[in-house]
Amino acid sequence: MHEREEGRVRTGYATYVLVWLGLMGLTWLSVTVAGIEAGALNIAGPLIIASIKAIFVLAVFMHLKSEHGLTRWVIIIGLIVFIVSGALVFSDVAYR
Amino acid sequence: MNETFEKTALHRDYAASKLGMWLFLLTELGLFFGPLLLYVMHDIRHPEAFHAASSGLDRTIGFVNTLVLLTSSLTAALSVASIRRGKTELTLIFIFVTVTLGGIFLVNKYFEWTGKIAHGIYPGGDAFAGLPPGEAVFYGLYFFATGLHGLHVIAGMLVLAIAAVLTASGIVNKRDFVKLENAALYWHLVDIIWIFLFPFFYLIS
């Protein structure tokens with residue numbers, strides 16, 4: 001068990017700070033994109049940016065990129081189930 | 001006999017602790033997934049009303065609160081990074097900053113909510129009853145989703161406070177830090193939920 005614990009990947013402080021700076025920048029970008037009169041981009045833009053931000057938080061802050069085995073697959077499959085059900089509901093309601 | 005007991009007492013299953021936490025976090029995502037799906041369905045039905053209601057929210061407060069919560073997520077991640085390096089004091093400082101930022105988020109939310117409630121816009125309020133159906137649904141979902149999220153922020157602050165006590169008492173340390181790591185995971189999830197609530201309620205309608 002100890003070997004496994006010692007073997008875990010350790011993320012440096014600088015990586016966390018860089019990701020945080022990126023997240024702050026993306027937040028500013030989402031507000032800017034929402035303010036531009038660009039039709040569908042007004043809706044898609046902020047949601048795509050939010051998804052990118054969530055992926056960064058999951059991968060780096062929550063260490064998903066260094067998870068392996070069962071844990072990693074449980075998380076990925078769980079997230080896919082949410083994405084697919086969301087897409088199915090959206091396509092059903094939007095194109096009814 | 002004694003040796004067997006010691007081995008059992010020292011046994012820690014790091015992978016199982018993390019897996020259990022992640023399964024719980026997935027159910028938490030499901031909790032917020034429902035209201036967001038409802039939001040999408042009603043937004044498609046009442047686009048003008050959602051737009052009108054959304055412009056009644058203060059985008060600046062939403063933006064500031066997003067920055068506050070993202071920063072608190074950074075300090076939560078740094079607290080775990082610090083305990084892994086055996087820096088207990090630094091860990092406690094980072095947890096303290098995280099909890100304080102959570103408090104600032106809630107204070108902003110309090111001012112935002114009371115602003116709406118003062119105008120009678122809350123489920124059961126006078127002005128709320130007179131709103132067009134689409135706007136009433138928007139504010140209903142707004143109060144439900146942000147209220148539920150606020151409760152999660154409070155829960156996250158409590159869990160982090162407990163993790164701080166465990167760290168200060170040495171139970172959470174360089175070799176055994178999964179309790180703090182799981183507390184931080186919970187906090188990051190609260191952050192991820194807000195990352196989606198912010199564009200849905202403040203930006204895209």
Which value, rounded to the nearest 0.5 Å, describes the distance between [X] atom [atom1] and [Y] atom [atom2]?
{"X": "Ile195(B)", "Y": "Ile55(A)", "atom1": "CD1", "atom2": "CD1", "result": "10.5 Å"}
{"X": "Ile44(B)", "Y": "Phe90(A)", "atom1": "CD1", "atom2": "CZ", "result": "5.0 Å"}
{"X": "Leu47(A)", "Y": "Leu203(B)", "atom1": "CG", "atom2": "CG", "result": "9.0 Å"}
{"X": "Phe198(B)", "Y": "Ser30(A)", "atom1": "CZ", "atom2": "OG", "result": "5.0 Å"}
{"X": "Thr71(B)", "Y": "Leu23(A)", "atom1": "OG1", "atom2": "CG", "result": "9.5 Å"}
{"X": "Leu78(B)", "Y": "Phe61(A)", "atom1": "CG", "atom2": "CZ", "result": "7.5 Å"}

Query raised in the report: Considering only heavy atoms from C-beta outward, does the side chain of Pro46(A) approach that of Phe200(B) to under 4.5 Å?
Result: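 They are not in side-chain contact.
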Query raised in the report: Which atom names give the shortest non-hydrogen contact between Trp22(B) and Glu67(A), and what distance separates them?
Result: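 So the two residues come closest at NE1-OE2, 4.2 Å.
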**Report entry** Ala54(A) to Ile192(B) - nearest heavy-atom pair and separation
**Finding:**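 Where Ala54(A) meets Ile192(B) most closely, the heavy atoms are O-CD1, 4.0 Å.
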Is it true that, when you exclude [X] itself, more than 12 heavy atoms of the residues, nucleotides or ligands shown sit nearer than 6.0 Å to its [atom1]?
{"X": "Tyr13(A)", "atom1": "OH", "result": "yes"}
{"X": "Lys179(B)", "atom1": "NZ", "result": "no"}
{"X": "Phe33(B)", "atom1": "CZ", "result": "yes"}
{"X": "Phe56(A)", "atom1": "CZ", "result": "no"}

Counting heavy-atom pairs under 4.5 Å to chain B, which of [options] comes out on top?
{"options": "Ile75(A), Thr71(A), Val89(A)", "result": "Ile75(A)"}
{"options": "Leu79(A), Val57(A), Asp92(A)", "result": "Val57(A)"}
{"options": "Leu58(A), Val60(A), Leu70(A), Val19(A)", "result": "Leu58(A)"}

Choice from [options] maximising heavy atom contacts with chain A below 4.5 Å:
{"options": "Leu36(B), Leu37(B), Leu189(B)", "result": "Leu37(B)"}
{"options": "Leu19(B), Leu74(B), Leu29(B)", "result": "Leu74(B)"}
{"options": "Ser82(B), Ala76(B), Ala184(B)", "result": "Ser82(B)"}

Heavy-atom cut-off 4.5 Å, strictly under: side chain, backbone, both or neither for [X] against chain A?
{"X": "Leu185(B)", "value": "both"}
{"X": "Arg85(B)", "value": "both"}
{"X": "Thr66(B)", "value": "side chain"}

**Report entry** Ile49(A), part contacting chain B, at a heavy-atom distance under 4.5 Å
**Finding:**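 For Ile49(A), neither part sits under 4.5 Å from chain B.
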Query raised in the report: By a 4.5 Å heavy-atom criterion (distance strictly below it), what part of Val31(A) contacts chain B: side chain, backbone, both, or neither?
Result: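 The answer is both parts of Val31(A).
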